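Report on one structure; see the data block that follows.
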Protein chains: 2
Amino acid sequence: MMELTRKSDYAIRGIVYLAGKPVDKVYLLSDIAAAVDVPPTFLAKIFQQFSKMGLVKSFRGTGGGFMLGRLPETITLLEVVEAVEGPIIPNRCVATPSDCDRSGICTVHPVWIRVQEEVRRVLAGVTLKDLATKE
Amino acid sequence: MMELTRKSDYAIRGIVYLAGKPVDKVYLLSDIAAAVDVPPTFLAKIFQQFSKMGLVKSFRGTGGGFMLGRLPETITLLEVVEAVEGPIIPNRCVATPSDCDRSGICTVHPVWIRVQEEVRRVLAGVTLKDLATKE
DNA sequence: CCTAATAAGATATAAATTGTCTTTTTAGGG
DNA sequence: CCCTAAAAAGACAATTTATATCTTATTAGG
Ligand code: SF4
Ligand code: SF4
């Protein structure tokens, strides 16, 4: 239960890498992928998603690559994870109570909401700046 | 991310149902399954697991069925969930840091440990007695 | 023994995960 | 105006996980 996908882990590796570099320069996807040990084609897909959401900016053609879309201190881990996986929902009734006939009377339902809140709270408390490894 | 499986949800439904009934009587699997709206064969598998772990007791043959293995106030939701799904691990490096070469230097790693702690704390704080619907 | 019930194990289907491959688009430089 | 470098987009594929079901065995009571 509750296991992060590779995709999210890779995504975090990639964007944290960017956050640890000078933010106004572009970096080759292939270089990023190599540095964080992620299959390049997979990371490409992830960064395409991020690009649409503004988490990163992309530049095509010669001299192209990726850079962070915003300052590292303004991007939380929560935002990154939810950008990849969608909302954090411990159980489907948290997102859509109508999915389960029992949600009205279910005593477990509120527990999942609390779990969601706690997880979100932890992840929202960490920014890319916090995570960036400065060397 | 972080979504509970049906199996766990079904498991909880089933065992919470038992917790809401007089604890020293046996109940037919088919009745439990019908009451909580779970495929009977699936719930059977789950309860077989639970039985091995002592969460429930099973009785075969005529007049057989299931009852709770311990008092409802001594069984936490955490225990039930982990009995079905195994340990709660937000990321595989939490269980086995050696799985990931980067765990030594990774700044994200400690965050997943905190997430794990928070989730476990919430679930450990709820017992089957709390969840049992009395009517 | 006959019947009721769970136990155990094999099997099946569908969905999600974890990628890869090919083609297209964009941009820079000579 | 090409040529090359790079990301974008979309199709495709393998593997694993989830979600069951089915069959046969075992146990217990009457
Ligand atoms: S049974 Fe309760 S916890 Fe499970 S899905 Fe329905 S409302 Fe949510
Ligand atoms: S990169 Fe960090 S968070 Fe991801 S698996 Fe490795 S140690 Fe864990």
Side-chain angles (χ1 to χ4, degrees), chain A residues 1-15 18 25-34 36-69 81 84-86 89-92 99-100, chain B residues 1-15 18 25-34 36-69 81 84-86 89-92 99-100:
Chain A
M1 174 207 188
M2 304 255 154
E3 196 149 354
L4 201 70
T5 60
R6 296 287 171 112
K7 190 176 175 186
S8 293
D9 194 68
Y10 292 166
I12 294 165
R13 293 189 201 185
I15 202 166
L18 280 184
K25 289 173 37 182
V26 296
Y27 301 90
L28 284 183
L29 179 82
S30 54
D31 290 348
I32 302 169
V36 299
D37 195 30
V38 168
T41 57
F42 203 174
L43 190 62
K45 284 299 176 194
I46 295 166
F47 269 30
Q48 282 170 25
Q49 257 186 274
F50 280 0
S51 179
K52 288 180 191 163
M53 297 166 154
L55 282 179
V56 303
K57 287 178 194 157
S58 70
F59 302 89
R60 317 225 278 203
T62 314
F66 292 90
M67 65 167 63
L68 264 194
V81 170
V84 184
E85 307 227 23
I89 44 173
N91 204 343
R92 63 198 174 293
D99 264 15
C100 178
Chain B
M1 171 205 190
M2 304 256 153
E3 195 149 352
L4 203 69
T5 59
R6 295 287 170 110
K7 189 174 175 187
S8 294
D9 194 68
Y10 291 165
I12 295 166
R13 293 189 203 184
I15 203 166
L18 280 185
K25 290 175 32 184
V26 297
Y27 301 89
L28 284 182
L29 179 81
S30 53
D31 290 347
I32 303 170
V36 300
D37 194 29
V38 168
T41 58
F42 203 173
L43 191 62
K45 286 296 175 194
I46 295 165
F47 270 29
Q48 283 170 24
Q49 256 185 275
F50 280 179
S51 180
K52 290 181 192 163
M53 298 166 155
L55 281 179
V56 304
K57 287 178 192 156
S58 71
F59 302 89
R60 316 224 280 203
T62 313
F66 292 90
M67 65 168 63
L68 263 194
V81 170
V84 185
E85 307 227 23
I89 43 173
N91 203 345
R92 62 196 176 294
D99 264 15
C100 178

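In this text, all values refer to a predicted model and were calculated from it rather than measured experimentally. We name chains A, B, ... by the order of the sequence lines, and we start the count at 1 in each one.
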(message) Taking side chain to side chain contact (heavy atoms under 4.5 Å, CB included) as the definition, give me every residue that meets it alongside A:R92, ordered by chain and number, with sequence neighbours left out.
(response) A:D99, B:E3, B:R6, B:D9, B:R13
(request) Take the protein atom CG of A:L43 and the nucleotide atom P of D:dA8, then report the distance between them rounded to whole Å. (result) 11 Å
(request) May I have the distance from B:E85 (atom CD) to D:dA18 (atom P), rounded to whole angstrom? (result) 7 Å
Considering only nitrogen or oxygen atoms on both sides, find all protein atoms under 3.5 Å from nucleotides 8-12 of chain C and state each distance.
unit_1, atom_1, unit_2, atom_2, d
C:dA8, N7, B:K45, NZ, 3.2
C:dG9, N7, B:K45, NZ, 2.6
C:dG9, O6, B:K45, NZ, 3.0

(request) Report the distance from atom CG of A:L55 to atom CZ of A:F47, rounding to the nearest 0.5 Å. (result) 9.5 Å
(message) Just verifying a value: how many Å separate A:L68 CG and A:L18 CG, rounded to the nearest 0.5 Å?
(response) 5.0 Å
(request) Can you tell me the distance, in whole Å, between the CZ atom of A:F59 and the P atom of D:dA8? (result) 10 Å
(message) Tell me the interatomic distance from A:F42, atom CZ, to D:dG10, atom C1', rounded to whole angstroms.
(response) 16 Å
(message) Give me the atom names and distance for the closest heavy-atom approach of B:G64 to B:L28.
(response) O-CD2, 3.6 Å
(request) Tell me what A:F66 touches on the nucleic acid: a base, only sugar-phosphate, or nothing, going by heavy atoms under 4.0 Å. (result) sugar-phosphate
(request) Report yes if a side-chain nitrogen or oxygen of B:Y10 is closer than 4.0 Å to either non-bridging phosphate oxygen (OP1 or OP2) of D:dT19; otherwise report no. (result) no
(message) Nearest whole Å is fine: how far is C:dT6 C1' from B:D31 CG?
(response) 14 Å
(request) Name the residue closer to the 5' end of DNA chain C, choosing between A:T41 and A:G63 according to the nucleotide with the nearest heavy atom. (result) A:T41
(request) Measure from the side-chain heavy atoms of A:L28 and tell me the nearest of C:dT18, D:dA7, D:dT19. (result) D:dA7
(request) Figure out the NZ/P separation between A:K7 and C:dA16, and round it to whole Å. (result) 12 Å
(request) Give, for atom CG of B:L43 and atom CD1 of B:I32, the distance between the pair rounded to the nearest 0.5 Å. (result) 6.5 Å
(request) Calculate the interatomic distance between A:M53 atom CE and D:dA8 atom C1'; express it in whole Å. (result) 16 Å
(request) Could I get the full list of side-chain hydrogen bond (donor to acceptor under 3.5 Å, both in side chains) partners for A:Q48, not counting sequence neighbours? (result) none
(message) I'd like to check B:L29 versus B:F66 (side-chain heavy atoms, cut-off strictly below 4.5 Å). Are they in contact?
(response) yes
(request) Give one of base, sugar-phosphate or nothing for A:F47, where a contact means two heavy atoms less than 4.0 Å apart. (result) nothing
(request) Tell me which of A:T62 and A:S58 sits closer to the 5' end of DNA chain D, going by the nucleotide each one is nearest to. (result) A:T62
(request) Provide, to the nearest angstrom, the distance between the CE atom belonging to A:M67 and the C1' atom belonging to D:dA6. (result) 15 Å
